[in-house]
Enquirer: 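The following block contains the structure, expressed as structure tokens.
Numbers here are sequence positions counted from 1. Note that the structure is predicted; figures quoted are calculated from it, not measured. We count ligands from 1, going down the list as the structure has it; atoms in each ligand are counted the same way.
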Amino acid sequence: ALSVITYELDQALGTDHYERFKKYLEYFQENDLVASAAQTDAKGDRLKRPHEQEDPDQYLRVIETRDDGIVVRGCKVSITNTPYADELIVLPCRYMGPEDKDYAVSFALPTDWDGVKLLTRPASFRKSKHMEFPAGNFGDAETFIIFDDVFVPNDRIFLNGNGDPRQTAYAGFLALMFAHYHRHSYTGCKPAITEVIASAAALVAEYNGIEKTSHVQDKLSHLIGTAELVFAAGESSAKHSEKAPSGTQVPDEILTNAGRRLAGEMIYDEYKILADLSG
Ligand SMILES: Cc1cc2nc3c(=O)[nH]c(=O)nc-3n(C[C@H](O)[C@H](O)[C@H](O)COP(=O)(O)OP(=O)(O)OC[C@H]3O[C@@H](n4cnc5c(N)ncnc54)[C@H](O)[C@@H]3O)c2cc1C
């Protein structure tokens, strides 16, 4: 998403964000890093825009632009596995109007950077038996990230409406483009969860001696069909992708959304089937 939007930003405004992003990407790839993507703000009153909130820190904002960088204040919430990641990539979560310019900000930082505080609650305490990885020991760690007046150097800033109000409109494009890639990646990873549920459902049906009955076979085929359709939507959206001016492929929007929506809606039916067959 950054490769698409920083390029468009530079083309329109004559800035140098795309070069910054490419240098950051090279650093990221050369060092084989992992990032946590922090988009979701606390948001407060959903019917109010960021600048209208009673508490100005409901959305992450820039409080100062200096010659060498910016200072940011606020938080991001429900961010997955940040304590396990090397880097934190911060993005806006919605469209911003001219008065929201301080909130139009995107940047990257190491997760242990000065002033970045991680409040984490691991969600599972079962140790992995067969594979060594941090989340296997501590569980999935959703994180509340506090930015306590944090300095971000220029080479790590990808959008700053505070320093240059013309950039504000690009917050919305970046928010939607990131969400688009996130939905697309979901069509790849979600079928694996369905397969785990389907396998557990098939196994418990076998334990209960009901695996050959028609209602069980119908339910299992429903699970398999969902996994395959979600994956097919993602694959098809990749095949119908288009090249953005920066050269990055952008998956087809309608197919991506169709697959992501199906996955999001069916997960509750999938748990229902597993609970039903488990007795
Ligand atoms: C397990 C998990 C992992 C996550 N991981 C990440 C992550 O790694 N990175 C990240 O950035 N985020 C992450 N998130 C956050 C996730 O992206 C958000 O929860 C999601 O976008 C919804 O935002 P929200 O929780 O603020 O709810 P909202 O979008 O505010 O929705 C709450 C309700 O309010 C309604 N609503 C909202 N606005 C309006 C309005 N203007 N008018 C009328 N109704 C409205 C909605 O329709 C909904 O019914 C994660 C969330 C979960 C549960």
Enquirer: Give the atoms of ligand 1, by number and element, whose distance to some non-hydrogen atom of Leu47 is under 4.0 Å.
Expert: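 With Leu47 as reference, the close atoms of ligand 1 come out as 40 (C), 41 (N), 42 (N).
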Enquirer: Which residue holds the protein heavy atom closest to atom 2 (C) of ligand 1, what is that atom called, and what is the gap in Å?
Expert: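 Here the nearest protein heavy atom works out to Glu142 OE1, 4.0 Å.
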Enquirer: Can we say Lys272 and Asp276 salt-bridge, meaning some charged N sits less than 4.0 Å from an Asp/Glu carboxylate O?
Expert: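 Salt bridge flag = no for Asp276 with Lys272.
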Enquirer: Can a donor-acceptor pair be found, under 3.5 Å and without considering hydrogens, that links the side chain of Glu211 to the backbone of Val216?
Expert: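 No, Glu211 side chain to Val216 backbone: no donor-acceptor pair under 3.5 Å.
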Enquirer: Which residue holds the protein heavy atom closest to atom 24 (P) of ligand 1, what is that atom called, and what is the gap in Å?
Expert: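 Protein heavy atom with the smallest distance to atom 24 (P) of ligand 1: Lys43 NZ, 3.5 Å.
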Enquirer: Do any non-hydrogen protein atoms sit less than 4.0 Å from atom 37 (C) of ligand 1?
Expert: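 Under 4.0 Å from atom 37 (C) of ligand 1, at least one protein heavy atom found.
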Enquirer: Could you tell me whether atom 10 (C) of ligand 1 has at least one protein heavy atom nearer than 4.0 Å?
Expert: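 Yes, there is a protein heavy atom closer to it than 4.0 Å.
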Enquirer: Pairing donors with acceptors under 3.5 angstrom, does anything connect the side chains of Gln58 and Lys43?
Expert: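 Checked: Gln58/Lys43 side chains show no N/O donor-acceptor pair below 3.5 Å.
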Enquirer: Would you verify that at least one protein heavy atom lies under 4.0 Å from atom 34 (O) of ligand 1, or report that none does?
Expert: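 Flag for atom 34 (O) of ligand 1 set to false, no protein heavy atom closer than 4.0 Å.
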Enquirer: Below 4.0 angstrom, counting only protein heavy atoms, does anything approach atom 20 (C) of ligand 1?
Expert: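 Given the 4.0 Å limit, the answer for atom 20 (C) of ligand 1 is no, no protein heavy atom qualifies.
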Enquirer: Looking at ligand 1, does any of its N/O atoms fall within less than 3.5 Å of an N/O of Asp41?
Expert: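 So ligand 1 has no N or O lying under 3.5 Å from an N or O of Asp41.
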Enquirer: Among Asn162, Leu174, Asn160, which residue satisfies the side-chain contact (heavy atoms from CB on, under 4.5 Å) criterion with Gln167?
Expert: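 Answer to the side-chain contact (heavy atoms from CB on, under 4.5 Å) test with Gln167 among Asn162, Leu174, Asn160: Asn160.
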Enquirer: Could you tell me the residue and atom name of the protein heavy atom closest to atom 15 (C) of ligand 1, and the distance to it rounded to 0.1 Å?
Expert: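 Minimum-distance protein heavy atom for atom 15 (C) of ligand 1 reads Thr40 OG1, 3.2 Å.
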Enquirer: With a 3.5 Å distance limit and no angle check, can you tell me whether Asp10 reaches the backbone of Tyr7 through a side-chain donor-acceptor pair?
Expert: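 Not confirmed, Asp10 side chain does not pair with Tyr7 backbone.
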Enquirer: For His184 and Gly234, indicate whether the former's side chain and the latter's backbone hold a donor-acceptor pair under 3.5 Å.
Expert: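 Judged by distance alone, yes, a pair lies under 3.5 Å.
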Enquirer: Between Lys76 and ligand 1, which residue portion shows a heavy-atom distance shorter than 4.0 Å: side chain, backbone, both, or neither?
Expert: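 Near ligand 1, Lys76 shows nothing, with every heavy atom at 4.0 Å or more.
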Enquirer: Does the protein put a heavy atom under 4.0 Å from atom 44 (N) of ligand 1?
Expert: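 Flag for atom 44 (N) of ligand 1 set to false, no protein heavy atom closer than 4.0 Å.
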Enquirer: Distance below 4.0 Å between atom 31 (O) of ligand 1 and any protein heavy atom?
Expert: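 No.
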Enquirer: Evaluate the ring pair (Phe, Tyr, Trp, His ring centres under 6.0 Å) criterion for residues Tyr170 and Phe173: first the C-alpha distance (whole Å), next the side-chain angles of each, then the deciding distance (0.1 Å), finally the verdict.
Expert: CA-CA 5 Å; Tyr170 289 84; Phe173 299 135; 5.5 Å; yes
Enquirer: How close does the nearest protein non-hydrogen atom get to atom 27 (O) of ligand 1, and which residue and atom is it?
Expert: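 It is Arg46 NH2, 3.9 Å.
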Enquirer: Give the residue, atom name and distance (to 0.1 Å) of the protein heavy atom nearest atom 5 (N) of ligand 1.
Expert: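 Ranked first by proximity to atom 5 (N) of ligand 1 is Thr80 OG1, 2.7 Å.
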Enquirer: Between Asp149 and Arg73 (salt bridge meaning N to carboxylate O under 4.0 Å), is one present in this structure?
Expert: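 Yes, this pair counts.
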Enquirer: Please list, in number order, the atoms of ligand 1 under 4.0 Å from a heavy atom of Ala37.
Expert: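 Close to Ala37: 7 (C), 8 (O), 9 (N), 10 (C), 11 (O).
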Enquirer: For the residue pair Thr40 and Ser78, confirm or rule out a side-chain donor-acceptor distance under 3.5 Å.
Expert: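 The answer is no; no qualifying pair exists.
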Enquirer: Gln39 heavy atoms, cut-off 4.0 Å: which ligand 1 atoms fall inside?
Expert: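 In order of number, 10 (C), 11 (O).
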Enquirer: If you define the side chain from C-beta out and look only at heavy atoms, does anything of Pro92 sit under 4.5 Å from Tyr103?
Expert: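 A side-chain contact is absent here, since even the closest heavy-atom pair is not under 4.5 Å.
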Enquirer: Strictly inside 4.0 angstrom of atom 7 (C) of ligand 1, do you find any protein heavy atom?
Expert: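 Given the 4.0 Å limit, the answer for atom 7 (C) of ligand 1 is yes, a protein heavy atom qualifies.
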Enquirer: Answer yes or no: is there an ion pair linking Asp155 with Lys23, defined by an N-O contact shorter than 4.0 Å?
Expert: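 Salt bridge between Asp155 and Lys23, a charged N being under 4.0 Å from a carboxylate O: no.
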Enquirer: Provide, to 0.1 Å, the distance between atom 13 (C) of ligand 1 and the closest protein heavy atom, together with that atom's residue and name.
Expert: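 Here the closest protein heavy atom is Ser78 O, 2.9 Å.
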Enquirer: Kindly state if atom 47 (O) of ligand 1 has a protein heavy atom within a strict 4.0 Å cut-off, that is, under 4.0 Å?
Expert: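 Protein heavy atoms within 4.0 Å of atom 47 (O) of ligand 1 - there are none.
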Enquirer: So, Thr80 versus Glu142: side-chain donor-acceptor pair below 3.5 Å or not?
Expert: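 Glu142 and Thr80 do have a side-chain donor-acceptor pair below 3.5 Å.
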